[in-house]
Amino acid sequence: MDFSAELVQWYQKNKRALPWRDTANAYVIWLSEIILQQTRVEQGMPYFYRFLEKYPDVISFAAAHEDEILKLWQGLGYYSRGRNMLKTARQVVGQYGGEFPVAYTELIKLKGIGGYTAAAISSFSSDEPRAVVDGNVYRVLARYFGIEEPINSNKGKKLFQQVADEVLDKDHAGLHNQAVMEFGAMLCKPKNPDCAVCPLRNGCYALQHNKVSILPQKLKTVKIRERFFNYFLITDGDTLLMNKRGEEDIWANMYDLPLIETAGYLTPQEIMNMPATAAAFGKNIVMVGASRPKKHILTHQHIHAQFIQIEPAGGEIKYQSGWLRTGIKNLKNMAMPKIIFLFLNNFFNL
DNA sequence: AAACCGGGGCT
DNA sequence: AGCCCAGGTTT
C-alpha cells in the first residue's frame, strides 16, 4: 500500500468526529479553517459553534458589525482573522452573489485566505486536487521522506509543497488532505510521536535513521546585534595608533583602530565627553575631526562605526592590550576589516 | 526574509 | 522557558 492509502486507512479508523467534517458547505469549512489557523482544535471548537449559530450563512455574517465579530472572537487571538473574515464575507456577498467560492484560484484572492486555506477549502468542498501544507504536513513529510531542508526557508516551502503535490491522491484530495493532517496531529506529533504503532514505520526515513526528534528542521531567526564602534584616529608624524583585535570577537586577530564601544549611538562630542575617553587618551585631547556614522552589515551584527580624529598624540595615552604604533607605510601589509581599510585608504590615500 | 499578530497547551 | 498550534499579511 502506498503512502496515501496507508494514511487514509489509518484516518478512517482513528479520526476524531469534528463538526466541520462531512460537510461540503464552503462557508462552514471556511469558518472552521480560519478559526483553526494557528489554533488547536479544542480551543477553536467552542468559537466555531458560537459563530455558526449566530451566523449560519455568509449572508448573515456579511451583515454583522465589526464590533460584534470581534466580541465573538474575543479570547481567540490573532484578531485580524476576524476583521479579514468580515471583509471576505462582504466580498462574497457583493461579488459572488453570496455563493462562497470553492475554486482555489478564487479563494486565494480573498482576505485572510492564503495557500493553505485555499487548498483546504477547495479540496474539502469540491475535491479540487490541491495539497494542503500546514505544520502537520511539514512534519509528516519531513520525517517520512527524510527531508532536511528547513521548512521556513523559501527553498524549503517550495520543496515541501512539491512533495505534498506529488503524494496527493488526486482522486480523493479532500480525504487525503484530512488524513495527513489528522495523522500529524494525533500520531506523528512534534514531541513523543507514537512511532511504535505507526502504520508507516517501515517506510519512515526518520525512524530508520534516528532522526525523528530533529525533523522537521527549522531555521532559527538569528537576532541581529546592533553595535556602536567609536574609533579613534591618532596620528603622530607618519605613524598612527592601531589595535590588534583579540580572539573572542568578530574580526579576530585582525587590525583596526583604538575603539570605545557604546550601547547606542552617541555623537562625536558626546564620545569626547565620556570619562572612558579621557581615561584612555588623556584629559587634554581635542577632537580635530569626525566622520559621519557608517554602517557595516554582518550576518549576525550591524556595526555602526564612526571615526574621531584627536590630538595631541602626546604621552598621556595609556596603551591598552593590542594597541601599537605603526608606520602609515606599513598599513598595506596589515589585515583589516573592510570598513577600516576603506576609511584609512580614503584618509591617507594609501 | 523577517516582523508581527495571541492565547493556550505540552514538555 | 521554549516550542508549537488545521497561517496570513505587511514591511
Side-chain angles (χ1 to χ4, degrees), chain A residues 7 11 15-23 26 28-48 51 70 72-88 104 107-125 130-143 149-158 160-161 164 173-194 212-226 297 299-300 302:
Chain A
L7 281 177
Y11 173 70
K15 68 176 174 182
R16 293 167 289 185
L18 300 178
W20 45 84
R21 286 185 175 149
D22 309 316
T23 177
V28 177
I29 295 169
W30 166 70
L31 190 56
S32 71
E33 288 302 335
I34 303 297
I35 287 175
L36 291 173
Q37 284 171 3
Q38 295 293 289
T39 304
R40 292 169 189 283
V41 166
E42 302 72 35
Q43 189 189 0
M45 187 96 73
Y47 288 85
F48 172 78
F51 269 93
L70 290 176
L72 208 51
W73 201 271
Q74 183 178 277
L76 199 52
Y78 285 126
Y79 296 95
S80 63
R81 289 184 291 175
R83 295 195 299 273
N84 286 336
M85 282 184 95
L86 188 53
K87 289 178 195 163
T88 284
Y104 180 95
L107 290 163
I108 195 72
K109 298 175 185 170
L110 299 170
K111 265 295 187 196
I113 298 183
Y116 161 78
T117 305
I121 298 175
S122 62
S123 69
F124 296 165
S125 65
R130 298 277 185 172
V132 295
V133 180
D134 73 338
N136 294 306
V137 179
Y138 280 128
R139 192 165 54 252
V140 173
L141 296 181
R143 286 174 175 168
E149 198 67 34
I151 63 174
N152 57 343
S153 68
N154 278 348
K155 197 174 164 191
K157 285 177 193 167
K158 269 189 191 172
F160 278 91
Q161 182 69 58
L175 187 59
H176 170 100
N177 280 337
Q178 301 238 34
V180 187
M181 290 193 288
E182 186 77 342
F183 179 80
M186 304 295 290
L187 191 151
C188 196
K189 298 170 289 185
K191 307 284 181 190
N192 305 325
D194 303 329
V212 173
S213 63
I214 65 161
L215 288 175
Q217 293 257 261
K218 197 170 180 180
L219 237 44
K220 47 180 146 190
T221 54
V222 277
K223 203 179 162 197
I224 293 175
R225 286 172 70 192
E226 303 288 337
I297 297 178
T299 307
H300 305 288
H302 289 176

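Below, chain A is the first sequence line, B the second, and so on; all start at residue 1.
- Residue A/Trp73 is classed as having no contact, given no heavy-atom separation below 4.0 Å to the nucleic acid.
- Heavy atoms of A/Lys111 sit under 4.0 angstrom from primed sugar atoms or phosphate atoms, though from no base atom.
- In this structure, a donor-acceptor pair under 3.5 Å is present between the side chains of A/Glu33 and A/Tyr116.
- Distance OH (A/Tyr78) to C1' (B/dA3): 11 Å, rounded to an integer number of Å.
- Residue contacts for A/Gln178: at a heavy-atom cut-off of 4.0 Å it reaches a base atom on one of the strands shown.
- With rounding to the nearest 0.5 Å, the separation of NZ in A/Lys109 from OG1 in A/Thr88 is 13.0 Å.
- Side chain to side chain, A/Arg139 and A/Asn136 meet the donor-acceptor criterion of an N or O pair below 3.5 Å.
- Take the nearest nucleotide of DNA chain C for A/Ala185 and for A/Lys87: the residue whose nucleotide is more 5' is A/Ala185.
- Within 4.0 Å (heavy atoms only), A/Ser32 reaches no atom of the nucleic acid at all.
- Atom CG in A/Asn192 sits roughly 19 Å away from atom P in B/dG9 (whole-Å rounding).
- When heavy atoms are screened at a 4.0 angstrom cut-off, A/Ile113 is found touching the sugar-phosphate backbone but no base atom.
- Side-chain contact check for A/Arg21 and A/Gln178: at least one donor-acceptor pair (N or O, by modelled atom type) lies under 3.5 Å.
- On the P atoms, B/dG6 is 14 Å away from C/dT10, given to the nearest whole Å.
- Across the C1' atoms, C/dA6 and B/dA3 are found 23 Å apart, a figure rounded to whole Å.
- Proximity of A/Trp20 to A/Val41: side-chain heavy atoms (C-beta onward) are separated by under 4.5 Å at one or more points.
- Residue-to-nucleotide proximity on DNA chain B shows that, of A/Arg40 and A/Lys155, the 5′-proximal contact is made by A/Lys155.
- The residue among A/Ser80 and A/Asn154 whose nearest nucleotide of DNA chain B lies closer to the 5′ end is A/Asn154.
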**OP:** I would like to know whether A/Trp73 and A/Phe51 meet ring-ring contact (aromatic ring centres under 6.0 Å, His included); could you show each step before the answer?
**Re:** CA-CA 9 Å; A/Trp73 201 271; A/Phe51 269 93; 5.6 Å; yes
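- Salt-bridge formation is not detected for the pair A/Glu149/A/Lys158: no Lys NZ or Arg NE/NH1/NH2 atom is positioned less than 4.0 Å from an Asp or Glu carboxylate oxygen.
- Note that the first and last nucleotides of DNA chain C, 5' to 3', having any atom under 4.0 angstrom from a heavy atom of chain A are C/dC4 to C/dT10.
- Residue contacts shown for A/Arg83 are absent, as no nucleic acid heavy atom lies under 4.0 Å away.
- Rounding to whole angstrom units, CE of residue A/Met45 and C1' of B/dG9 are separated by 15 Å.
- Residue contacts for A/Ile121: at a heavy-atom cut-off of 4.0 Å it reaches no nucleic acid atom on any strand shown.
- With the nearest nucleotide of DNA chain C identified for both A/Gln37 and A/Pro216, A/Pro216 has the one nearer the 5' end.
- At a threshold of 4.0 angstrom between heavy atoms, the contacts of A/Gly44 with the nucleic acid are absent.
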